[in-house]
Structure formats: structure tokens, C-alpha cells
Asks: 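Please see the structure below; I have some questions.
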Amino acid sequence: MIVVSYPNIGEYERIVYNFLNKIIDNSNCKILRPEKNNKKILELGEENSPTNVCTPFKYTLGSMINSLNKGANVIIQIGGGCRFGYYAQIQEKILKKDMGYKFEFINLYNGNKLEFFTAVKKVKMLNPRLSLQKLLKEIYFTIKLLRFSDNILTYIRENECYIEDKEKLQSIKNNILNDMLKIKNISEINLKRKECEEEIDTLIVEKDDVLKIGIVGELYSLMDPFSSSFLENDLLKKGYKIKRYTTASYLLLDKNKSEKKLLKDSKQYLKYKIGADGTESVAHTLELIDEGYDGVIHIKPFGCTPEINAMPILKKISDDYSFPIMFYTFDTLNSDTGFQTRVEAFIDMLEMRKK
Ligand code: SF4
């Protein structure tokens with residue numbers, strides 16, 4: 001029997017599960033959902049990765065090793081973009097040659113390019129009866145689902161500080177997360193969207209003077225809560241208004257068309273794209289200043305060159321606008337307490353400035 005798994009990245013894992021579940025469609029194939037990132041997964045990745053590789057490589061490798069240990073015999077590496085695009089080849093070698101795992105590796109990317117027809121052939125391995133028409137239909141549905149979940153979760157994130165009934169809010173969020181696993185068609189998505197928006201709008205209350213903090217930086221740290229020590233959730237729980245731009249739908253569907261505008265918006269500081277999400281970090285920080293945000297936290301994993309490129313530019317912006325920016329690099333040896341202390345000190349300073 002085929003047991004298929006894939007590396008974890010935040011809650012997006014649910015959407016991948018939903019997609020796979022539909023395309024395997026009663027074939028001789030079982031889906032093994034990857035565990036959420038945790039210490040054990042990071043250790044597995046760390047032990048078996050080249051030392052200086054950036055941390056998302058270690059997380060994704062650790063996630064695959066964990067699934068192989070639990071019986072997966074097919075792994076799909078779905079990442080793409082930046083070095084993610086080339087991770088797969090190295091990860092396959094580590095897993096097969098260095099570690100001796102015997103399994104089928106489905107790499108959907110060649111470098112940073114999705115090779116659609118090669119990907120189709122490989123995905124058919126999971127269900128030989130899968131027609132191209134059905135596959136295209138499910139891809140279209142998955143794009144809609146991704147848009148829905150990103151849009152609604154972004155809306156919640158930006159309004160959470162104005163919601164006092166936290167219990168109700170949590171139940172709406174839990175429902176959305178459950179729906180990501182099992183929602184079946186586009187009319188269900190539309191219905192759900194309407195329901196969620198109406199429910200959230202009834203919970204929002206007016207509040208002045210909420211501290212507004214933007215989070216920018218590297219995509220994996222932004223989208224995977226464990227790899228950024230649950231920064232976003234902690235700030236939301238404390239009642240601050242949070243803005244984070246990076247989502248999977250932005251990266252997969254909007255990034256290419258947005259980059260020209262982002263470069264134009266930041267032309268005072270950037271002439272060329274600086275790779276991965278470095279351009280976004282600069283352009284979005286300028287946007288946050290414009291929108292009256294009180295400060296920005298820039299996060300990146302150890303070894304992330306595009307975000308290292310963005311840092312001196314962000315420091316210059318911070319000086320020019322007298323705008324507070326905190327920088328933090330996550331690596332495998334980080335202490336959560338140390339990080340939280342830095343964030344608390346930064347927020348104390350923002351609150352004092354605001355007063
Ligand atoms: S953006 Fe940074 S951390 Fe992410 S894959 Fe590229 S170099 Fe690595």
C-alpha cells in the first residue's frame with residue numbers, strides 16, 4: 001500500500017491533505033499527515049542536515065524523516081521558491097544515500113519552477129485512475145480554498161484586537177481549520193466565507209489606541225508558528241493589532257505580479273529585487289510606517305541570505321523615519337525565554353513612545 005506524506009508548514013498542511021484526499025479518491029493509498037513542527041522534528045533535521053543550511057531546510061527534512069519513521073513510503077516535497085526550490089534534490093540524497101531510506105520522492109519543483117506535466121505524471125502514481133480533468137478541477141478548488149483560508153485568517157488577525165469574546169473567536173478559528181481539511185466544493189467555500197465574515201463582524205467592537213505592530217521577514221518563519229516561537233499568537237493574545245503580509249496564496253498566486261509595484265514603492269531604497277521576500281520586507285515596512293504602525297519586528301531563520309540583504313536597508317529606514325524595528329534570527333539553539341524577553345522590552349519601548 002502507498003503511504004504518502006509531505007513536510008509540514010503551519011496550518012497549510014491541512015490544505016495539502018484536503019487536496020491529496022480528493023485526488024487519491026479510494027485508490028490503494030493512505031495519507032500520513034505530518035506532525036506539527038516541534039523540538040523532535042527540529043532535532044531530526046538538525047542532526048542530518050549540512051550545518052550551515054538555512055533552518056527551513058532542517059524543519060522540512062526533520063518532518064520527512066519523522067513521517068518515514070512512521071511508515072510513509074512516498075514523500076512529496078511541495079516547497080518552491082528561493083533555496084526551497086533546490087532543497088529537494090539534496091534532501092532526497094540525504095534521505096536515500098546517507099540515511100538509507102527506501103521510498104519514492106516526488107519533487108514538484110525543478111529549481112524554482114513548477115514542472116507541471118512532470119508533476120502530473122508523478123502525482124498519478126498515487127492514483128493511476130486520476131484524469132487530467134479531475135486533477136485540474138481539484139487544483140482550481142484548492143486555489144479557491146487557499147484564498148478563502150488566507151483571506152479570512154488575515155481578516156481575523158487584523159481585527160482580533162477589537163474582539164472581546166475570545167471564546168467565540170477561537171471557535172470560529174477552529175471551525176475554519178477543520179473546514180480546511182474537509183470542505184468539498186466551491187459553493188461550500190462561498191457559504192462558509194459569508195458565514196465567517198458575518199460572525200466576525202458582529203464580534204468587533206470600537207477601541208482606540210491599540211498598539212499596532214507589523215511582522216515582516218522570511219516566509220517560513222512567518223507562516224510556521226513553531227519556527228518563530230509562536231510570536232504572532234503571543235502578540236495577538238496580548239491584544240495588539242498585528243499585520244503580516246506573507247501568506248501561501250500571496251507567494252503562489254500574487255508575488256510575481258506584485259514585485260514590480262513593491263520595487264516602485266521602495267525605489268528610494270531598492271533598485272533591484274533582493275531575492276526571496278527581502279523586497280517585500282523593505283516595501284511592507286515602508287507601507288506600515290505610512291499606515292501609522294508603531295513598530296515592526298523583522299524575523300528570519302539562521303542562514304537566510306535574502307533577509308540578511310534586507311536588514312541594512314531596514315536599519316536605514318528605521319534611522320530615516322525614526323521608526324522602531326526589532327530584528328531577530330531564529331536558529332536551532334534559540335531560547336524561547338530569551339526571545340520573549342527581547343519582544344517584551346521592544347513592546348515596552350513602543351508603548352512608552354506611544355504615550
Ligand atoms: S528565504 Fe531564506 S530561509 Fe527561506 S529558503 Fe531562502 S534562504 Fe532559506
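In each ligand, atom 1 is the first atom listed, and ligand 1 is the first ligand listed. Position 1 is the first residue of the sequence, and the numbers go up from there.
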Asks: So, is the end of the Lys315 side chain (NZ or CZ) under 6.0 Å from the ring centre of Phe327 and within 45° of the ring's axis?
Replies: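 Relative to the ring axis of Phe327, which defines the angle, Lys315 lies inside both limits.
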Asks: Of Thr60, Thr246, Asn37, which is the lone residue that meets side chain to side chain donor-acceptor pair (under 3.5 Å) with Tyr220?
Replies: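 Among Thr60, Thr246, Asn37, the one meeting side chain to side chain donor-acceptor pair (under 3.5 Å) with Tyr220 is Asn37.
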Asks: Check this for me, if you would: do Lys212 and Asp294 make a salt bridge, where the nitrogen-to-carboxylate-oxygen distance has to be below 4.0 angstrom?
Replies: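 No, Lys212 and Asp294 are not salt-bridged.
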Asks: Give the C-alpha distance, both sets of side-chain angles, the deciding distance and a yes or no for side-chain hydrogen bond (donor to acceptor under 3.5 Å, both in side chains) between Tyr6 and Glu13.
Replies: CA-CA 8 Å; Tyr6 43 91; Glu13 173 277 316; 2.9 Å; yes
Asks: Would you say Tyr87 contacts ligand 1, with heavy atoms under 4.0 Å as the rule?
Replies: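 Yes, Tyr87 has heavy atoms under 4.0 Å from ligand 1.
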Asks: What about the rings of Tyr328 and Phe339, do their centers lie closer together than 6.0 Å?
Replies: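 Close enough - the centres of the two rings lie under 6.0 Å apart.
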Asks: For ligand 1, which atoms sit closer than 4.0 Å to a heavy atom of Pro56?
Replies: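 Those qualifying, in numeric order: 3 (S).
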Asks: With the threshold set at 4.0 Å, does a side-chain nitrogen-carboxylate oxygen contact exist between Glu158 and Lys241?
Replies: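 So Glu158 does not pair with Lys241 through a salt bridge.
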Asks: Salt-bridged, Glu138 to Lys134, with N to O below 4.0 Å?
Replies: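 Looking at Glu138 and Lys134, the cut-off is met.
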Asks: Of the side chain and backbone of Cys304, name the one, both, or neither that has a heavy atom under 4.0 Å from an atom of ligand 1.
Replies: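 It is both parts that get close, each with some atom under 4.0 Å.
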Asks: Please determine whether any non-hydrogen atom of Glu307 lies less than 4.0 Å from an atom of ligand 1.
Replies: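 The answer is no, since Glu307 has no heavy atom less than 4.0 Å from ligand 1.
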Asks: Go through ligand 1 atom by atom and flag the ones less than 4.0 Å from a non-hydrogen atom of Glu218.
Replies: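 So the answer, numbered in order with elements, is 1 (S), 2 (Fe), 3 (S), 4 (Fe).
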Asks: Can you list the atoms of ligand 1 that are under 4.0 Å from a heavy atom of Ala276?
Replies: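 Every atom of ligand 1 under 4.0 Å from some heavy atom of Ala276: 1 (S).
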Asks: In terms of residue, atom name and distance, what is the protein heavy atom nearest to atom 6 (Fe) of ligand 1?
Replies: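 Heavy-atom neighbour on the protein nearest atom 6 (Fe) of ligand 1: Cys82 SG, 2.2 Å.
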Asks: Enumerate the atoms of ligand 1 whose separation from the nearest heavy atom of Pro301 is less than 4.0 angstrom.
Replies: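 Reading through ligand 1 atom by atom, the close ones are 3 (S).
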Asks: Specify whether an N/O/S atom of Cys54 falls short of 2.8 Å from atom 8 (Fe) of ligand 1.
Replies: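 Yes - counting backbone and side chain alike, Cys54 has an N, O or S atom under 2.8 Å.
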